[in-house]
Amino acid sequence: MIHCLTAVFNRQKKTFKSINDIYIQSKILNRKIIFWVVESGNEILTKEALSNFPNEVIKVIKVPETTYWTSGMQIGVNLIKKNSNNEDIIVLFNNDIRVPKNTISNLEKKILQNPNSAISPICISLHTRKTVTTGVKVKNWFFSIHEQMFIGLKRSQLKNLKPTKVNFMTQRLLGTKVETFNLIDNYNSHIFPHYGGDDELTHRMGKKGIRVI
């Protein structure tokens, strides 16, 4: 089973496009999939926008408008943990991305090949057609010297890159097994209700022995 989670505030058209990209790929893979959409805006419009998908595939969870991104993701993870097993895969994604074909199959394969890992594909801007920052590797903690990995590259420059372990991951699309969250718990929404929750989460993964790639 693949569980896909996003926390949104409206933007129904973008949400539909992201989900549709992933859903098409899940059908090709013949994988059972559930999308958990934590909506702090108009859940009625969101349900209407996603009404063409099978009912069992879409779970729209209405939360107060004061629920920010990290808080929404925490709510979603708690629901998934109650409705999954350790070997299920969880995909955390932003609803403003497009997901090219074969992304989910490649992600699933890499997760299974790399036990105790959380993996994010390299992201390319739709506007500049170059890679944007995703993972950050810390070179010196005391002086706060760090390197943003694989940034500003053209698609033709990506072929020979090798997977790299990082200390922090900006979450545009991140996949791991559900057992990761049973090990590290959940997003820290009390300290990071909106921004920074993904960086803190992935750093905690690394401290618990999960390789963030």
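- Nearest heavy atom pair, residue Asn42 against residue Ile44, reads OD1-N, 3.0 Å.
- Looking only at distances, no side-chain donor or acceptor of Ser40 sits under 3.5 Å from a matching main-chain atom of Glu65.
- Going from atom CG of Asp199 over to atom OG1 of Thr170 covers 5.0 Å, rounded to the nearest 0.5 Å.
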Checking side-chain contact (heavy atoms from CB on, under 4.5 Å) for the pair Val212/Phe168: CA distance, chi angles, key distance, verdict? CA-CA 8 Å; Val212 182; Phe168 299 96; over 6 Å; no

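- Remark: Arg98 pairs with Asp21 by the salt bridge (Lys or Arg N to Asp or Glu O under 4.0 Å) rule, at least two apart or across chains.
- Criterion: ILVMFWY side-chain heavy atoms under 4.5 Å apart, direct or through other members. Under it, Ile213 and Ile122 are not part of a common hydrophobic cluster.
- No continuous path of ILVMFWY side-chain contacts below 4.5 Å connects Leu107 to Ile80, so the two sit in separate hydrophobic clusters.
- Taking both residues in full, the closest heavy atoms of Gln74 and Ser189 are given as OE1-OG, 2.7 Å, listed atom of the first, atom of the second, then distance.
- Taken from CZ in Arg11 to CG in Asn95, the straight-line distance is 4.5 Å, to the nearest 0.5 Å.
- In plain terms, the two heavy atoms of Ala118 and Met205 that are nearest each other are CB-SD, 3.7 Å.
- With respect to the salt-bridge test (charged N to carboxylate O, under 4.0 angstrom), the residues Asp185 and Lys81 qualify.
- The backbone N or O of Asn85 sits less than 3.5 Å from a side-chain atom of Asp88, completing a donor-acceptor pair.
- Following chains of ILVMFWY side-chain contacts shorter than 4.5 Å, one cannot reach Phe192 starting from Val77, and the two form parts of different hydrophobic clusters.
- When all heavy atoms are compared, the tightest approach of Ile191 to Pro193 is O-CD, 3.4 Å.
- Residue Lys62 qualifies as enclosed at atom NZ: its count of foreign heavy atoms under 6.0 Å is above 12.
- The minimum heavy-atom distance linking Met73 with Ala7 is given by the pair SD-N, 3.5 Å.
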Kindly indicate, with the supporting measurements, whether the criterion side-chain contact (heavy atoms from CB on, under 4.5 Å) is fulfilled by Cys4 and Ile33. CA-CA 7 Å; Cys4 298; Ile33 192 166; 3.7 Å; yes

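- Linking Ile, Leu, Val, Met, Phe, Trp and Tyr residues whenever their side-chain heavy atoms come within less than 4.5 Å places Val37 and Phe16 in a single cluster.
- Side-chain contact between Asn86 and Lys177 is absent, with no heavy atoms from C-beta onward closer than 4.5 Å.
- Residues Gln171 and Thr202 are not in side-chain contact: their nearest non-hydrogen atoms beyond the backbone lie 4.5 Å or more apart.
- Atom CG of Asp198 is separated from atom CE of Met169 by 10.0 Å, given to the nearest 0.5 angstrom.
- Across Met149, Glu147, His203, Arg211, a single residue satisfies side-chain contact (heavy atoms from CB on, under 4.5 Å) together with Val166, and that is Met149.
- With rounding to the nearest 0.5 angstrom, the CG atom of Asn94 is 6.0 Å from the CH2 atom of Trp69.
- Taking OG1 of Thr176 as the reference point, atom CG of Asn116 lies at 8.5 Å (rounded to 0.5 Å).
- Using cut-offs of 30° and 60° on the angle between ring planes, the pair Phe35 and Phe53 is tilted.
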After noting the C-alpha distance and the side-chain angles of Asn10 and Gln12, does the key distance pass the side chain to side chain donor-acceptor pair (under 3.5 Å) rule?
CA-CA 5 Å; Asn10 295 321; Gln12 285 83 6; 3.2 Å; yes

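- No side-chain heavy atom of Ile97 sits under 4.5 Å from any side-chain heavy atom of Lys17.
- Heavy atoms only, all atoms of each residue included: Ser105 and Leu29 are closest at CB-CD2, 3.5 Å.
- Side-chain contact between Ile90 and Leu92: present, with at least one pair of heavy atoms (C-beta onward) separated by less than 4.5 Å.
- Side-chain contact between Val38 and Leu5 is present, with heavy atoms from C-beta onward closer than 4.5 Å.
- Contact check for Leu79 versus Lys59: no side-chain heavy atoms found under the 4.5 Å cut-off.
- Using a 4.5 Å cut-off on side-chain heavy atoms (C-beta onward), Leu173 and Pro121 make contact.
- The cluster map of Ile, Leu, Val, Met, Phe, Trp and Tyr, joined by side-chain heavy atoms under 4.5 Å apart, puts Val136 and Phe150 in different clusters.
- A salt bridge links Glu200 and Arg204; the closest N-O separation between the charged side-chain nitrogens and carboxylate oxygens is under 4.0 Å.
- The backbone N or O of Val99 lies less than 3.5 Å from a partner atom in the side chain of Gln25, making a donor-acceptor pair.
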Go through the steps to decide whether Trp141 and Asn167 satisfy the test side-chain contact (heavy atoms from CB on, under 4.5 Å), and finish with yes or no.
-> CA-CA 11 Å; Trp141 288 96; Asn167 300 103; 4.0 Å; yes

- Task: Begin from the C-alpha positions of Phe93 and Ile19 and carry the test side-chain contact (heavy atoms from CB on, under 4.5 Å) through to its verdict.
- Result: CA-CA 10 Å; Phe93 71 102; Ile19 287 179; 4.0 Å; yes

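- Within a 6.0 Å radius of CG in Asn140, other residues, nucleotides and ligands contribute more than 12 heavy atoms.
- Separation of atoms CE (Met1) and CD1 (Ile34) is listed at 4.0 Å; rounding is to 0.5 Å.
- Summarising the local packing, CZ of Phe9 is surrounded by more than 12 heavy atoms from other residues, nucleotides or ligands at distances under 6.0 Å.
- The side-chain heavy atoms of Phe181 and Leu201, taken from C-beta on, include a pair separated by under 4.5 Å.
- Of the possible donor and acceptor atoms, none in the side chain of Ser117 sits under 3.5 Å from a partner among the backbone N and O of Ile119.
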